[in-house]
Amino acid sequence: MVSVKEDESIVTKDMEMLYLGNLATVEFDLRLPLEGKYGSKINWTSGDSRFLHDDGTVTRPKYGIGKRTVPLRATFRYGDCIKEKVFEVTILEEKNQIRVSRIYPIRLKEEKGRPFYLPAVAVVETTEGEIISHAVDWEQGEACIVDEPGPIMFKGVLKDTAIPVFAEVWTAAGPERKTMDTNPAVHGFPADAVVLKEGTAFKAAQDRSLVFLRNVNDDQMLYNFRAAAGLDTRGAPEMTGWDSPDCLLRGHTTGHYLSALALCYATSGDEDIKRKAEYVIASLEECQQAFAGQDGFHAGFLSGYTEEQFDQLEKFTRYPEIWAPYYTLHKIFAGLLDCYRHLGIRTALTIADQLGDWVYHRLNRLPNRVLKTMWGMYIAGEFGGMNESLAELYSMTHKPEHLAAANLFENDRLFVPLRAGIDALGGLHANQHIPQVIGALKIFQATGEKVYYDMSRFFWQIVTGAHIYSIGGTGEGEMFRQPDRIGECLSDRTAETCASYNMLKLTKELFVYHPATEYMDYYERTMFNHILASCDHQPTGGSTYFMPLAPGRTKSFDVAGNTCCHGTGLENHFKYPEAIYHYDESALYVNLLIPSTLRWRERQMKLTLDAELHDPGKATLRVEGAGAFTLKIRRPYWAGPDCRMEINGQKANMTIDPTGYMCISRNWEDGDEITLFFDCRLRLETAPDRKELVSLAYGPYILAALSEESDYLQLQLREDALQENFTKETGPHGFAFRYAEDDLLFIPLANVFHERYHVYIERNTMLQ
């Protein structure tokens, strides 16, 4: 009989004898033995299956992303002895193997005698038909000045290739900067003017978030800041997950927490929430002051770590050696500004003002080449919406340095193709770049420069037109794919929640300049089917990171991981009232049919919107008070041709304006009741690249089939027979549709909790 000691000896010898080769520069698949030389059984587990699978298969990071070091755990077992050994496997990024079929022309108009910079990228089309932005090395460098009339040609090559690139520059006597009016066409209502109706899924999600915030340990949220500043952490527990003391992103959740507190107070008026925000702000002021008194820190700095990551970024240190220091800084900025805007905490603005000065002094000294290289780096150079926060800070402080700092975050890899009206999003990290576009729109609001508005609108159009799933979310594995690649990108890692958070933010900002139904159609789709579907059904603060759209998957709610989506998830459910109503001088816009009450203080009126969420075909709006205005109600994209309006039980003659709103002008009287009837039916939404893959939808809801199957469900579906194939019913999931032939239950994705579900199903045309 073999002793435990002998078992251990065999395992130890197998561990010592195992050699996997040079793991510092891995380019090929690893051979992972399942048995040691002396008989131990070996089980392998990769720490990151994106790049290294458990069977040793290697997927090298794409060119430009950088190498990855992945922990590979080997579990040795012999008899009763079990031991583990961890190998660090560094996988090299792919070499640049770009094959170019076309380089889009680079044409610039610049002011004669004024210095300018050539773009850091060119837009290229590959022989595979993909359109991307690729870095350029210019022969004379990127800094130029032209004193002669154009055109002047400049030559370079695509980086890491010998492929030539040319830029044609024309000069003019003065700058050609087009401007447009920055005054919005419509306005949103204050947060406290709109109250969600009790008993709805939106109000329930909001209430769960409020309960969670009340129970958050504020000193724990301050742990990393106090520790970095050398202050007493007051016995608080350490933060966890992406905010743990050894994580390079620590501090970002605290910024989101401040924003959540501010939004929560704005919607609820809860004084305990306000006191929590005031305490955290006062404590952050202490930290900022403590940093200022230490060697190695510059005035105004505030973070959950030192300035070291910012230093390393300027040396082009890649992720994961560093992790997006300006992204974390943006979350802190946003939280401070939200607390000033919604809570009136003056100290929050003072902290942000000093932090804005720190950013300006840090970045203003750097050459253009360094800045453009930093912002083009995958993850390491991710800066969230720093340009957004600094432009917004400028609107409050009117300090030119803050606007100048916002402009230092110009990312050519994104902005150059957008200015040219080209969709080159494929291969870009989705949530790394969406906030940058929000920032561009904020710069437009501060300067009136039309180019920033045009870029933002074009970006919104291409994302919503060619890069979203049926639920409104975008991206696979955090990345944008090539246009209309939807059906081929259905996996466990689809639709990062942060991306939808930011797309809704951009949508609302664009809507106020052009109040058209296309914006609110997208807003409704994404809010109902992704944001509402992302939250835990318990008051844990949990949120989905990805919304899996591969067949037969389940949601996973991040509770303690403190991921980026946990952070935005803290805010999301207090934002539901923001876009339901807007107004201008003569009209009230009803954008979303969400049961709620609006107090229109300027007109001393109250309007109550009732809509049975299980029956999107009918809604009622009641008026308290009196006054003349035009009522504009969005005609939903999902409504069929049979739509009508009644006022006090009588048919009303309404018109449809060019932007898609149903309009009626009237001198409204106290007690008026408007009833809306929409033609609401089941429909199919098809993946553009795989016509056999469809989502079943009803009104604003994308429906998910509950099934344990792990392959695509194959159903015999025809658009003209849907109403006959499904039976509507109610039950524990709320309303549902049952597909009788296979006894399948379809429910709104937001009502799915831990069940396995299918959002995309395969339409079996062979059976038809």
Side-chain angles (χ1 to χ4, degrees), residues 50-51 58-68 91-107 119-137 156-167 372 375-379 381-382 411-434 436-437 455 458-469 473-491 493-496 499 503 549 687-691 693:
R50 293 176 299 172
F51 306 107
V58 169
T59 303
R60 294 173 64 181
K62 296 292 185 183
Y63 167 75
I65 288 180
K67 64 185 179 182
R68 284 293 179 276
I91 302 172
L92 301 182
E93 70 175 342
E94 292 179 343
K95 294 180 180 179
N96 184 22
Q97 299 176 331
I98 189 171
R99 293 178 296 176
V100 176
S101 63
R102 175 189 180 189
I103 298 178
Y104 284 78
I106 300 175
R107 298 188 178 96
V121 302
V123 181
V124 304
E125 183 174 351
T126 70
T127 55
E128 295 82 12
E130 296 188 343
I131 299 176
I132 61 174
S133 53
H134 194 288
V136 176
D137 289 328
V157 294
L158 294 180
K159 187 175 178 62
D160 295 330
T161 76
I163 301 172
V165 181
F166 298 92
K372 295 299 171 63
W375 308 146
M377 292 171 63
Y378 174 78
I379 297 294
E382 181 175 3
N411 180 11
D412 277 10
R413 193 177 182 196
L414 175 66
F415 286 6
V416 166
L418 290 182
R419 285 194 179 103
I422 302 169
D423 181 351
L425 297 182
L428 294 183
H429 185 287
N431 196 54
Q432 180 172 351
H433 293 89
I434 301 170
Q436 298 176 16
V437 178
M455 283 168 46
F458 177 69
F459 176 85
W460 184 89
Q461 289 172 331
I462 59 178
V463 171
T464 61
H467 293 275
I468 63 169
Y469 301 101
T474 189
E476 193 275 329
E478 300 187 353
M479 311 295 285
F480 282 124
R481 302 302 174 182
Q482 290 296 312
D484 292 323
R485 304 280 180 88
I486 299 299
E488 71 176 45
C489 294
L490 299 176
S491 73
R493 301 170 58 82
T494 42
E496 183 184 0
M503 280 301 298
L549 294 176
D689 54 334
R690 290 187 59 183
K691 301 299 184 183
L693 294 180

The reported gap from CD in Gln97 to CG in Asp160 (rounded to nearest 0.5 angstrom) is 12.0 Å
Is the backbone N or O of Tyr378 less than 3.5 Å from a side-chain atom of Gln432, with the two atoms forming a donor-acceptor pair by type? no
For Tyr63, the ring-ring contact (aromatic ring centres under 6.0 Å, His included) test, sequence neighbours excluded, returns His134
- Query: Taking side chain as C-beta onward, heavy atoms only, is Ile103 less than 4.5 Å from Phe166?
  - Reply: no
Exam field: side chain Asp689 to backbone Ile486, donor-acceptor pair closer than 3.5 Å = yes
Got a donor-acceptor contact below 3.5 angstrom from the Arg68 side chain to the Ile91 backbone? no
TODO: Give the C-alpha distance, both sets of side-chain angles, the deciding distance and a yes or no for side chain to side chain contact (heavy atoms under 4.5 Å, CB included) between Ile131 and Tyr104.
DONE: CA-CA 10 Å; Ile131 299 176; Tyr104 284 78; 3.4 Å; yes
Trace of the side chain to side chain contact (heavy atoms under 4.5 Å, CB included) decision for Ile163 with Val124 = CA-CA 11 Å; Ile163 301 172; Val124 304; over 6 Å; no
Between Lys62 and Glu93 the two heavy atoms that sit nearest each other are O-OE1, 3.6 Å
Check: Leu490 main-chain N/O paired with Thr494 side-chain donor or acceptor under 3.5 Å
no
Sequence neighbours excluded, the answer for salt bridge (charged side-chain N to carboxylate O under 4.0 Å, His left out) partners of Arg690 is Glu692
CG (Asn431) and CE (Met503) are apart, to the nearest 0.5 Å, by 11.0 Å
Of Gln482, His467, Gln461, the one forming a side chain to side chain donor-acceptor pair (under 3.5 Å) with Asp423 is His467
Short question: side chain of Ser133, backbone of Val121 - any donor-acceptor pair under 3.5 Å?
no
Closest non-hydrogen atoms of Thr474 and Ala499, given as atom of the first, atom of the second and distance, are CG2-CB, 3.9 Å
So CZ of Arg60 and CG of Leu92: to nearest 0.5 Å the spacing works out to 6.0 Å
(message) Quick one, Ile98 and Ile132 - any side-chain contact, counting heavy atoms below 4.5 Å?
(response) yes
Requested in this report: Decide side chain to side chain contact (heavy atoms under 4.5 Å, CB included) for Ile106 and Val123; before the verdict, give the C-alpha distance in whole Å, the side-chain angles of both, and the deciding distance to 0.1 Å.
Outcome: CA-CA 9 Å; Ile106 300 175; Val123 181; over 6 Å; no
The reported gap from CG in Leu425 to CG in Leu418 (rounded to nearest 0.5 angstrom) is 6.5 Å
Quick note, salt bridge (charged side-chain N to carboxylate O under 4.0 Å, His left out) partners involving residues 122-135, not counting sequence neighbours, are Arg99-Glu128
(request) Apply side chain to side chain contact (heavy atoms under 4.5 Å, CB included) to the pair Leu158 and Val136, showing each step before the final yes or no. (result) CA-CA 5 Å; Leu158 294 180; Val136 176; 4.2 Å; yes
Taken in chain and number order and not counting sequence neighbours, the residues that satisfy ring-ring contact (aromatic ring centres under 6.0 Å, His included) with Phe459 are none
Here the salt bridge (charged side-chain N to carboxylate O under 4.0 Å, His left out) pairs for residues 475-484, sequence neighbours left out, are Glu476-Arg481
Of all heavy-atom pairs linking Ser101 and Thr126, the shortest is OG-O, 3.3 Å
- Query: Checking Thr127 side chain against Val100 main chain: does a donor-acceptor pair fall under 3.5 Å?
  - Reply: no
Sorted by chain and residue number, the side chain to side chain donor-acceptor pair (under 3.5 Å) partners of Arg107 (sequence neighbours excluded) come out as none
Report task. Check whether any side-chain N or O of Asn411 sits under 3.5 Å from a backbone N or O of Gln436 as a donor-acceptor pair, and report yes or no. Result -> no
So CE of Met479 and NE2 of His429: to nearest 0.5 Å the spacing works out to 6.5 Å
dist Leu414:CG -> His433:NE2 (nearest 0.5 Å) comes out at 5.5 Å
Checking the side chain of Asp412 only, and the main-chain atoms of Lys372 only, is there a donor and an acceptor separated by less than 3.5 Å? no
Cys489 backbone acceptor or donor facing Tyr469 side chain under 3.5 Å:
yes
Smallest heavy-atom separation, Ala424 atom then Pro417 atom, equals CB-CB, 3.8 Å
